[in-house]
Amino acid sequence: MSADFQLNNGVRLPAVGLGVFQAPPDETVQAVQSALEIGYRHIDTAASYLNEREVGEGIRRSGLDRDEIFIETKVWVTDYGYEPALRAFDKASAKLGVDRIDLLLLHQPVPEVFARTVQAYRALEKLLEDGRVDAIGVSNFTPALLDRLVDRVDILPAVNQIELHPYFTQAETQAANAAHGILTQAWSPIGGITFYPGYGQDRTSTLDDPLIGGIATAHGKTPAQVMLRWHLQQGRSVIPKSTNRKRIAENFDIFDFALADEELARIDKLDRGVRGGPDPESPRPAIFDLKIPEA
Ligand SMILES: NC(=O)c1ccc[n+]([C@@H]2O[C@H](COP(=O)([O-])OP(=O)(O)OC[C@H]3O[C@@H](n4cnc5c(N)ncnc54)[C@H](OP(=O)(O)O)[C@@H]3O)[C@@H](O)[C@H]2O)c1
C-alpha cells in the first residue's frame, strides 16, 4: 500500500482523491479548499458535474502551487469525436483555470457509436503528445469494451475508473485492467451509489453493513475508513466524495492502520454482483441531453 500509484506512463497519482460528483457548485469551492488544507493533493471532477470552475477556484484559494495538485477530469459523451474532444479540453482547462490537466478520461463508452468514442480517445492521445495532459484514460469500460478500444488506439489508457465498492467488486474488470497495466480507480468507493436518495427502495447501504462495521470497531475506525483501506491495500485508487469537512478529513485518515489479509478476503465476499449504476453496455439515449457549456 502506498500513498500514491505509478501509472503505466510513469506519472504518479495520489492514492486518495476528493470526488465532487453531486457537490453543488456553491459547496464545491469550500470542499476542495478543505480537502487541500487537510492534505489531499488530488481532485476528481468531470465536465458533466458542472463544477469544474468551482474546483479551480478551490485550488486557487488553497494557495498551493498548481503543480502540487493532481487534477483529474472527464470528457462528456456529447463532446465525443476528434475535434469536439479537443475542444472539450479547452473548455475544461479554461473552467479549471489551468493550461495542463494531470489526467483526462473519457467519462463512459458509447458502444452504439463506438467510432466516436475511439475518435475522442484519439484526441486524448493528441493532447498527451502535445503535453496538454500528463495521462489519459477511460471510465466505465467493461473488459470487452476495453479490448475494442485497445485494438484501435496507440496508447493504453492509464486508468479505468469504475463503480467499485464491497457490494460490487467487478473482479473481471479489475483483472482485465491489470492485464493491460491499467490502474483501477474506484468510484462510489464507500458505496455512495448504495445509499444515494432516489436510487430505489430495497438498497442496503455499505455503511450499515455489519461485517464492515465489526471490522471498523475492531480497528477503532469507521466503516468508510475500512472500505477505503480495503481498496488501497488491494492496489486501487479511491476518490471518495464529501462536502462535509469532518468527513473529508475522516476519509483521508486511513494511513495509520492496516487490514489483515483475512479481513480483506471477508470484505471481498460481500460482493453481490449487482451494479448500482447504469450498465455501460446498454444504450441510454438520455445521456445525450446534457450539453457541456462553453467556459
Ligand atoms: N465515472 C463515473 O461514472 C462516476 C460515477 C459516480 C461517481 N464518480 C466519482 O467518484 C466519486 C465518489 O463516488 P460517489 O460520490 O458516487 O460515492 P462515495 O464517495 O462512495 O460516497 C459519497 C456519499 O457518501 C457520503 N460520505 C462521504 N464520506 C462519508 C463518511 N466518511 N461517512 C459517511 N458518509 C460519507 C457523502 O455525503 P456528504 O457529502 O454529505 O459527506 C455522499 O453522500 C464522485 O464524487 C465522482 O468524483 C464517477
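Side-chain atoms are counted along with the backbone in the values below, which use heavy atoms only and exclude waters and symmetry mates.
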### Query
Does a side chain donor of either Q225 or H219 reach within less than 3.5 Å of an acceptor in the other side chain?
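No, H219 and Q225 have no side-chain donor paired with an acceptor closer than 3.5 Å.
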Counting distance only, does the side-chain N/O of [X] pair as donor-acceptor with the main-chain N or O of [Y] below 3.5 Å?
X    : Y    : answer
D79  : I292 : no
Q233 : A258 : no
Q185 : I239 : no
N177 : T184 : no
E68  : R41  : no
E52  : T45  : no
N9   : V11  : yes

### Query
Is R61 paired with E57 through a side-chain N to carboxylate O contact shorter than 4.0 Å?
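Counted as a salt bridge, because a side-chain N and a carboxylate O are separated by less than 4.0 Å.
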### Task
State whether R66 and D102 are salt-bridged, where the test is any N-O pair (Lys NZ or Arg NE/NH1/NH2 against Asp/Glu carboxylate O) under 4.0 Å.
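Looking at D102 together with R66, the answer is yes, because their closest N to O distance falls below 4.0 Å.
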Do [X] and [Y] sit in the same hydrophobic cluster, where Ile, Leu, Val, Met, Phe, Trp and Tyr count as joined when their side-chain heavy atoms come under 4.5 Å apart?
X    : Y    : result
L270 : F195 : yes
L36  : F252 : yes
V29  : V55  : no

Do [X] and [Y] have side chains that get closer than 4.5 Å, going by heavy atoms?
X    : Y    : answer
I136 : Y121 : yes
R229 : K221 : no
I193 : Y167 : no
K95  : T73  : no
Q108 : W76  : yes
D134 : L103 : no
L228 : N251 : yes
D154 : R122 : yes

Between [X] and [Y], what is the shortest heavy-atom contact and its length?
X    : Y    : value
L146 : H180 : CD1-CD2, 4.0 Å
P109 : L145 : CG-CD1, 3.6 Å
S34  : I248 : CB-CD1, 4.3 Å
L50  : P293 : CD2-CD, 3.9 Å
L259 : V226 : CD1-O, 3.7 Å
P166 : T206 : CD-CG2, 4.2 Å

### R148 to F114 six-membered ring, cation-pi geometry met (6.0 Å, 45°)
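Because its charged atom sits under 6.0 Å from the ring centre and within 45° of the axis, R148 does stack over F114.
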### Message
Tell me whether R266 forms a cation-pi arrangement with W230, defined as NZ or CZ under 6.0 Å from the six-membered ring centre and within 45 degrees of its axis.
### Response
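Geometry flag: not set, cation outside 6.0 Å or 45°.
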### Task
Take T243 and E27 through the side chain to side chain donor-acceptor pair (under 3.5 Å) test and state the conclusion after the steps.
CA-CA 7 Å; T243 48; E27 292 173 31; 3.2 Å; yes
### Message
Before you tell me yes or no, could you show the steps for T204 and R272 under side chain to side chain donor-acceptor pair (under 3.5 Å), namely the whole-Å CA-CA distance, both residues' side-chain angles and the distance that decides it to 0.1 Å?
### Response
CA-CA 11 Å; T204 45; R272 299 168 173 185; 2.9 Å; yes
### Query
Is the F21 ring parallel, tilted or perpendicular to the Y49 ring (thresholds 30°, 60°)?
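It falls in the tilted class, 30° to 60°.
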### Task
For the residue pair F168 and H165, categorise the inter-ring angle as parallel (less than 30°), tilted (30 to 60°) or perpendicular (more than 60°).
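F168 vs H165 ring planes: tilted.
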### Query
Once you round to the nearest 0.5 Å, how far does CD1 of I212 lie from CE of M227?
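Answer rounded to 0.5 Å: 4.5 Å.
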### Query
How long is the span from the OG atom in S93 to the CZ atom in R132, to the nearest 0.5 Å?
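Separation between the atoms: 6.0 Å.
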#### Entry: Residues V110, F288; criterion side-chain contact (heavy atoms from CB on, under 4.5 Å); working and verdict
CA-CA 10 Å; V110 185; F288 293 100; 3.6 Å; yes
### Task
Kindly indicate, with the supporting measurements, whether the criterion side-chain contact (heavy atoms from CB on, under 4.5 Å) is fulfilled by V238 and I190.
CA-CA 9 Å; V238 289; I190 58 170; over 6 Å; no
